[in-house]
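I have placed the structure first, in the form of structure tokens, so that the comments after it can refer back to it.
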Amino acid sequence: MYAQKFNVNVVVRGESRACPLDWLDQFCMRNFTNSADFDDTLPVADGRNRSQFPPDSRTVRRRPCRWLTQRGKGEGQPVTVHVTSS
């Protein structure tokens, strides 16, 4: 059961928006990240994620920022991630 709910917003070029579902889905798959930290998460919609356990906020912010920026999701600009409980 995915009891924990959290929202994920990205900021690119100063503009904040819900993280697109396909970005969340790709990021949470181990074959993309090689990290077990996100195995128990389930992206359900743009900016909405579920988890079996409360996410470690530092990990949830830091890793997606790096990963999304490296994959060019910020159109050449750094991607910042904001995570809040819902």
Side-chain angles (χ1 to χ4, degrees):
M1 174 181 284
Y2 294 94
Q4 305 294 322
K5 300 175 182 180
F6 56 102
N7 297 318
V8 181
N9 287 334
V10 293
V11 179
V12 178
R13 297 179 191 243
E15 183 178 317
S16 179
R17 64 182 170 127
C19 186
L21 178 60
D22 63 324
W23 295 10
L24 282 174
D25 191 43
Q26 289 175 11
F27 177 76
C28 291
M29 294 174 62
R30 187 190 291 224
N31 61 335
F32 281 94
T33 62
N34 201 27
S35 172
D37 293 336
F38 298 91
D39 282 354
D40 295 323
T41 62
L42 178 67
V44 294
D46 284 356
R48 296 176 55 205
N49 214 340
R50 303 293 178 260
S51 177
Q52 289 185 3
F53 305 101
D56 171 29
S57 62
R58 276 191 1 210
T59 300
V60 171
R61 279 187 310 231
R62 187 178 61 237
R63 285 201 176 154
C65 289
R66 236 184 357 235
W67 190 86
L68 292 168
T69 299
Q70 289 173 347
R71 297 305 180 280
K73 303 296 186 182
E75 303 166 0
Q77 300 297 311
V79 176
T80 303
V81 175
H82 296 279
V83 178
T84 56
S85 295
S86 60

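Since the model is a prediction, treat every value here as computed from it, not as a measurement.
- Considering CZ of Arg50 and CG of Leu42, their distance stands at 8.5 Å, rounded to 0.5 Å.
- If you take SG on Cys19 and CG on Asn49, they are separated by 9.0 Å, rounding to the nearest 0.5 Å.
- The side chain to side chain contact (heavy atoms under 4.5 Å, CB included) search around Asp22 returns Pro20, not counting sequence neighbours.
- Side-chain contact check for Val12 versus Lys73: every heavy-atom pair is 4.5 Å or farther apart.
- Trp67 and Val10 fall within a single hydrophobic cluster, where Ile, Leu, Val, Met, Phe, Trp and Tyr side chains are chained together by heavy-atom contacts under 4.5 Å.
- Residue Phe6 is grouped with residue Leu24 when hydrophobic side chains (ILVMFWY) are merged at heavy-atom distances under 4.5 angstrom, including chains of intermediate members.
- Between Cys65 and Val79 there is no side-chain heavy-atom pair separated by less than 4.5 Å.
- For Ser85, the side chain to side chain contact (heavy atoms under 4.5 Å, CB included) test picks out no residue, with sequence neighbours left out.
- Remark: side-chain polar atoms of Asn7 are not paired, donor with acceptor, to backbone N or O of Arg48 under 3.5 angstrom.
- A pairwise comparison of heavy atoms in Arg17 and Trp23 identifies NH2-CH2, 3.4 Å as the closest pair.
- Enclosure of atom CD in Glu15 is not indicated, since only 12 or fewer non-hydrogen atoms of other residues, nucleotides or ligands lie within 6.0 angstrom.
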